[in-house]
Number of protein chains: 2
Amino acid sequence: MAVARPVDPERRAARRLQIIDAGLTVFAERGYDGATTARICRQAGIGSGTFFHYFATKADLLLAILELGTEETTERAAGLEGRTDPLGVLLELVASTADDAADARVPGFVRAVAGVMHEPAVAEALAADDAAQRDVLRRWVERGQANGEVRTDLPAARIVSWLALLTDGFLERVAVDEGFTAEGERELLVATARSFLRGG
Amino acid sequence: MAVARPVDPERRAARRLQIIDAGLTVFAERGYDGATTARICRQAGIGSGTFFHYFATKADLLLAILELGTEETTERAAGLEGRTDPLGVLLELVASTADDAADARVPGFVRAVAGVMHEPAVAEALAADDAAQRDVLRRWVERGQANGEVRTDLPAARIVSWLALLTDGFLERVAVDEGFTAEGERELLVATARSFLRGG
DNA sequence: CAATTATTGGAGCAAGCACTCCACGAACGC
DNA sequence: GCGTTCGTGGAGTGCTTGCTCCAATAATTG
């Protein structure tokens, strides 16, 4: 009778994260289509039955990874409220991209995702992530403009696009360029962003 | 007896280009794996037999497109020999990226390629293209440094990487960002590159 | 016109894939 | 212990895909 064996949310979350981690690794090194579910399962050390017990679809795994990234972004943004130096905040946000890129899997994952952008679900998730990130940036850019710390000859939205250009390009370079390391170029990234924000 | 029906190189080249053009289109809008050979054939208005008569493999088509791009790069470089204003040349080269991006298929194709970088053959071809492009840029950067037009606080190779960062990021933004058009942002790209080269 | 060969379309095939299904074992309430 | 449900692995399946094969056609020479 009795309702035996209730779900253990912690155990479930842990397994989920384990699969997510494996997915991140394999997506990064093989691309989306190159990452077969079989390989992801092997990387995670599980059977395919388990995989589809946690994710209905391979695409769902990708989406879950993206969602995790978006969460981190919003958390990071929340931790910055109350600051009064918009330029400093913006540069920290830019620098955090370099820090993310220090995990070698991140750049690879980013290009893997870019390669599946034509899938509507992925495009939507990525758009949401992009919008969240842009929202944060724009708010600080506007404050900086009001402040006099940021150039006012360009609208805030356009400045945000250019910050994104810098960080996207940075990730791409780290992925491709042998001599271009996240740690080594971090400082120059910040300096370049500062120069741009001031209106060099 | 008689050797009838000799190959017509022009006809062959034309067909080849027709397929290449279709491939560029479909790769750009569907990604590499999303671009089925069937769809490429439909786009080109040919049967699959014809396709494989011209390209042994789907990957070969991708490689052919890349090779065409490399050729254009080297041709463009050759046309610049003899100039004495390194900074001007560099900015023209950067601007030509923006011009390429005006063809909406180019940014899409670039990310499609990025999504298959884990294939050794593609990685190799892309490395060759990258090396060719870098070689040209580095030569002009070095001349600019000797000239006093380009900053000397960074080694030429590193400056080249950062120029590539700008152009890569530019292509990515054009592909993703609704409000970010190649024509509209071209000028700012050149200005930003100039600022960076001078050492802002 | 005949002979010969490049060129073409499309039917079909083998392989690989995401995903389903099921049976067994473990964990819990009673 | 017993009953019940969750968690798990892996064999199997149906579909898609890159690619092959071949018969028909077009083009060119003599």
Side-chain angles (χ1 to χ4, degrees), chain A residues 1-23 26-27 29-65 112 115-116 118-122, chain B residues 1-23 26-27 29-65 112 115-116 118-122:
Chain A
M1 227 8 98
V3 183
R5 195 69 210 280
V7 289
D8 179 347
E10 281 187 36
R11 189 177 180 76
R12 234 189 124 73
R15 256 279 197 270
R16 229 182 109 87
L17 236 73
Q18 176 191 358
I19 300 175
I20 282 180
D21 191 72
V26 181
F27 281 141
E29 68 188 17
R30 306 265 178 184
Y32 180 74
D33 292 87
T36 66
T37 56
R39 211 182 285 269
I40 295 172
C41 289
R42 225 178 49 204
Q43 172 75 25
I46 60 173
S48 67
T50 307
F51 180 94
F52 288 102
H53 189 67
Y54 286 86
F55 297 94
T57 263
K58 189 172 94 164
D60 273 1
L61 172 60
L62 190 79
L63 263 43
I65 301 178
V116 234
H118 47 95
E119 302 265 353
V122 175
Chain B
M1 249 153 269
V3 181
R5 195 71 212 279
V7 290
D8 179 346
E10 281 187 36
R11 188 178 181 76
R12 234 188 124 73
R15 257 277 195 270
R16 229 181 109 89
L17 236 74
Q18 176 191 359
I19 299 175
I20 283 181
D21 190 72
V26 181
F27 282 141
E29 68 188 16
R30 306 264 178 185
Y32 180 73
D33 292 271
T36 65
T37 55
R39 211 183 285 271
I40 295 172
C41 289
R42 225 179 50 205
Q43 171 75 26
I46 59 174
S48 67
T50 307
F51 180 95
F52 288 101
H53 189 69
Y54 285 86
F55 297 95
T57 264
K58 190 172 93 164
D60 273 2
L61 173 59
L62 190 79
L63 263 43
I65 300 177
V116 235
H118 46 96
E119 303 265 354
V122 176

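Below, chains carry the letters A, B, ... as their sequence lines are ordered, and counting in each starts from 1. When reading the values below, keep in mind they use all heavy atoms of this one structure, side chains included, and skip hydrogens, waters and symmetry mates.
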Practice problem: For A:Phe55, report the nucleic acid contact type (base, sugar-phosphate, nothing); a contact means any heavy atom under 4.0 Å. | Solution: nothing
Quiz prompt | Set of residues satisfying salt bridge (charged side-chain N to carboxylate O under 4.0 Å, His left out) with respect to B:Asp21, sequence neighbours excluded | solution = B:Arg105
Could you tabulate the donor-acceptor pairs under 3.5 Å formed by side-chain atoms of residues 40-58 of chain B, not counting sequence neighbours?
from	atom 1	to	atom 2	distance (Å)
B:Lys58	NZ	B:Tyr32	O	2.9
B:Lys58	NZ	B:Ala35	O	2.9

Practice problem: May I ask you to verify if any side-chain N or O of B:His53 is less than 4.0 angstrom from the OP1 or OP2 atom of C:dT7? | Solution: yes
Quiz item: Taking only side-chain nitrogens and oxygens of A:Arg15, does any of them come within less than 4.0 Å of OP1 or OP2 of D:dT8?
Solution: yes
Self-check item: Least distance between heavy atoms, A:Gly23 atom then A:Leu61 atom
Solution: CA-CD2, 3.9 Å
Practice problem: Please list, by residue number, the residues of residues 29-36 of chain B whose heavy atoms come closer than 4.0 Å to an atom of DNA chain D; answer none if no residue qualifies. | Solution: B:Ala35, B:Thr36
Self-check item: B:Thr57 side-chain N/O to D:dG18 phosphate OP1/OP2 under 4.0 Å
Solution: no
Exercise. Report the distance from atom CD1 of A:Ile19 to atom OG1 of A:Thr37, rounding to the nearest 0.5 Å.
Key: 11.5 Å
Quiz item: How close or far is atom P of C:dA6 from atom CD of B:Glu10, stated in whole angstroms?
Solution: 19 Å
Self-check item: Where A:Arg16 and A:Ala64 come nearest, the two heavy atoms and their spacing
Solution: NH2-CB, 3.7 Å
Are there any protein N/O atoms within less than 3.5 Å of an N/O atom in nucleotides 11-15 of chain D, and if so, which ones and at what distance?
from	atom 1	to	atom 2	distance (Å)
D:dA11	N6	A:Ser48	OG	3.2

Quiz item: Between D:dG7 atom C1' and A:Phe51 atom CZ, what is the distance in whole Å?
Solution: 16 Å
Self-check item: Interatomic distance, B:Ile40 CD1 vs D:dC19 P [rounded to whole Å]
Solution: 10 Å
Quiz item: Could you state the NZ-P distance from A:Lys58 to C:dT20, rounded to the nearest angstrom?
Solution: 14 Å
Exercise. Tell me, please, which residues at least two apart from A:Arg15 pass side chain to side chain donor-acceptor pair (under 3.5 Å).
Key: A:Gln18
Exercise. Whole angstrom is fine here: how far is it from CZ in A:Arg39 over to C1' in C:dC17?
Key: 13 Å
Exercise. Using a heavy-atom cut-off of under 4.0 Å over every strand shown, decide if B:Arg12 touches base, sugar-phosphate, or nothing.
Key: sugar-phosphate
Quiz item: Taking OP1 and OP2 of C:dG9, is either one under 4.0 Å from a side-chain nitrogen or oxygen of B:Thr50?
Solution: yes
Practice problem: Please state whether the phosphate of C:dT8, meaning OP1 or OP2, lies under 4.0 angstrom from any side-chain nitrogen or oxygen of B:Tyr54. | Solution: yes
Quiz item: How long is the line joining CD1 of B:Ile46 and C1' of D:dT25, in whole Å?
Solution: 17 Å
Quiz prompt | Set of side chain to side chain contact (heavy atoms under 4.5 Å, CB included) partners for A:Glu29, sequence neighbours left out | solution = A:Thr25
Exercise. Compare the minimum distances between each of C:dT7, C:dT8, C:dA18 and the side chain of A:Phe52, then state the nucleotide with the smallest one.
Key: C:dA18
